[in-house]
K.L.:
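Submitted below is the structure of interest, expressed as structure tokens.
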Amino acid sequence: MTPHPPTAPSADLPDGLHIDPIPAFQDNYIWTLARGGRAVVVDPGDAAPVLRALLQRDLTLDAIVVTHHHADHVGGVAALLQERAVPVHGPAQTPYTGVTHPLAAGDVVSLLGYPFRVLAVPGHTLDHIAYWSPELAVLFCGDTLFAAGCGRLFEGSPAQMHASLSRLAALPAATRVYCTHEYTLGNLRFARAVEPGNLALQQRQSAAIAQRERGEPTVPSSIALEQATNPFLRCAEESVRQAARPLLGAAPADDPVAVFAAIRAWKDRF
Ligand SMILES: [Zn+2]
């Protein structure tokens with residue numbers, strides 16, 4: 001039986017609400033959440049493209065949201081604040097000194113009137129948080145969960161990252177996943193190496209190649225699509241365990257954290 005691949009949801013958001021990417025640097029996306037002439041920006045690593053986009057779309061900046069301390073996510077905040085003083089929401093425990101409204105796991109922050117829950121997702125960095133709106137089925141997850149991949153482990157342990165990804169994988173299947181890099185084609189090449197027999201993955205790769213040829217972003221993704229195709233969310237699947245087995249040494253192949261650690265390390269040298 002050929003499984004029907006889950007597709008990324010269309011942007012069927014409430015009337016008047018828009019979520020759009022502003023491309024920055026080589027492959028970053030700075031997400032804007034906009035409604036009624038006001039906008040929130042997520043992880044503005046660079047101010048110039050944000051200011052240009054706000055001007056073009058006649059939007060007034062309402063707030064800034066950051067997921068973690070890396071420069072390509074916070075580097076534009078100071079320059080944006082010079083244009084307009086707005087709250088900077090971000091992790092409470094962080095080396096980044098620019099957060100004015102600190103948040104911790106379990107907090108709820110209102111963005112343009114929509115409540116977003118704060119999830120702690122350490123692993124890529126220790127301060128990393130994600131913002132989830134159950135009402136909108138929207139997740140801003142920074143560099144934790146990528147389309148068909150996940151962030152590198154710069155600060156956290158494999159166990160921390162695996163727990164963070166498991167938390168995100170448990171969100172409702174229709175949740176749209178807004179990650180901050182266009183890494184999808186490279187991630188899919190690796191995912192195919194891990195799971196050459198995964199048909200949903202083959203179909204996703206063809207679709208993503210076509211999207212990139214048309215110059216379109218491959219994101220947002222969805223939790224359903226990630227569950228079907230992202231090897232880092234599939235460490236308990238027999239096919240992924242099988243692929244990890246030669247890399248595990250003495251570690252048991254039925255331990256999803258050991259499998260995760262093995263394939264994350266494989267991806268680093270892929
Ligand atoms: Zn990062």
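Model, not experiment: these values are computed from the prediction.
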K.L.:
Just by distance, with hydrogens left out, do T67 and D43 show a side-chain donor and acceptor under 3.5 Å apart?
P.N.:
yes
K.L.:
If a pair satisfies salt bridge (Lys or Arg N to Asp or Glu O under 4.0 Å) and one of its residues is in residues 62-71, list it, with sequence neighbours excluded.
P.N.:
R38-D62
K.L.:
Check ring pair (Phe, Tyr, Trp, His ring centres under 6.0 Å) between H73 and all other residues, then give those that pass, not counting sequence neighbours.
P.N.:
H68, H181
K.L.:
Any chance the rings of W132 and F140 have centres within less than 6.0 Å?
P.N.:
no
K.L.:
Salt bridge between D107 and R117, side-chain N to carboxylate O under 4.0 Å?
P.N.:
no
K.L.:
What residues, two or more places apart in sequence or in another chain, satisfy ring pair (Phe, Tyr, Trp, His ring centres under 6.0 Å) together with F25?
P.N.:
none
K.L.:
Looking only at the aromatic ring of each residue, does the gap between the centers of H70 and H124 stay below 6.0 angstrom?
P.N.:
yes
K.L.:
Linking Ile, Leu, Val, Met, Phe, Trp and Tyr by side-chain heavy atoms under 4.5 Å, what else ends up with F146?
P.N.:
Y183
K.L.:
For R35, check salt bridge (charged side-chain N to carboxylate O under 4.0 Å, His left out) against everything at least two apart and list the hits.
P.N.:
none
K.L.:
Under a 3.5 Å threshold, yes or no: a donor from one side chain and an acceptor from the other, between T180 and N28?
P.N.:
no
K.L.:
Would you check if the side chain of T229 reaches a backbone N or O of L225 as a donor-acceptor pair within less than 3.5 Å?
P.N.:
yes
K.L.:
Do L153 and F260 make a side-chain contact, defined as non-hydrogen atoms from C-beta onward lying under 4.5 Å apart?
P.N.:
yes
K.L.:
Does a salt bridge link D254 with R241, judged by any charged N lying under 4.0 Å from a carboxylate O?
P.N.:
no
K.L.:
Ignoring hydrogens and geometry, is there a side-chain-to-backbone donor-acceptor pair from Q227 to A169 under 3.5 Å?
P.N.:
yes
K.L.:
At their closest point, which heavy atom of N198 faces which heavy atom of R234, and how far apart are they?
P.N.:
ND2-NH2, 3.5 Å
K.L.:
When you compare the side chain of P122 with that of H128, does any pair of heavy atoms fall below 4.5 Å?
P.N.:
no
K.L.:
Measure the shortest side-chain to side-chain distance between L165 and M161 over non-hydrogen atoms and say whether it is less than 4.5 angstrom.
P.N.:
yes
K.L.:
Apply side chain to side chain contact (heavy atoms under 4.5 Å, CB included) to the pair T218 and L188, showing each step before the final yes or no.
P.N.:
CA-CA 11 Å; T218 59; L188 285 166; over 6 Å; no
K.L.:
Residues sharing V88's hydrophobic cluster, by side-chain heavy-atom contacts under 4.5 Å among ILVMFWY, directly or via others?
P.N.:
I22, I30, V41, V50, L51, L54, L59, L61, I64, V66, V74, V77, L80, L81, V86, Y96, V99
K.L.:
Taking the basic N atoms (NZ, or NE/NH1/NH2) and the acidic carboxylate oxygens, is any pair closer than 4.0 Å for E238 and R245?
P.N.:
yes
K.L.:
Within the structure provided, determine whether L33 and F116 are in side-chain contact (heavy-atom separation under 4.5 Å).
P.N.:
yes
K.L.:
Whether the E226 and S221 side chains hold a donor-acceptor pair (N or O, under 3.5 Å, no angle test) is what I'd like checked.
P.N.:
yes
K.L.:
Looking at E182 and P217, what are the two nearest heavy atoms and their distance?
P.N.:
OE1-CA, 3.5 Å
K.L.:
Show the nearest heavy-atom pair for residues Y114 and P14, with the distance to one decimal.
P.N.:
OH-CB, 4.0 Å
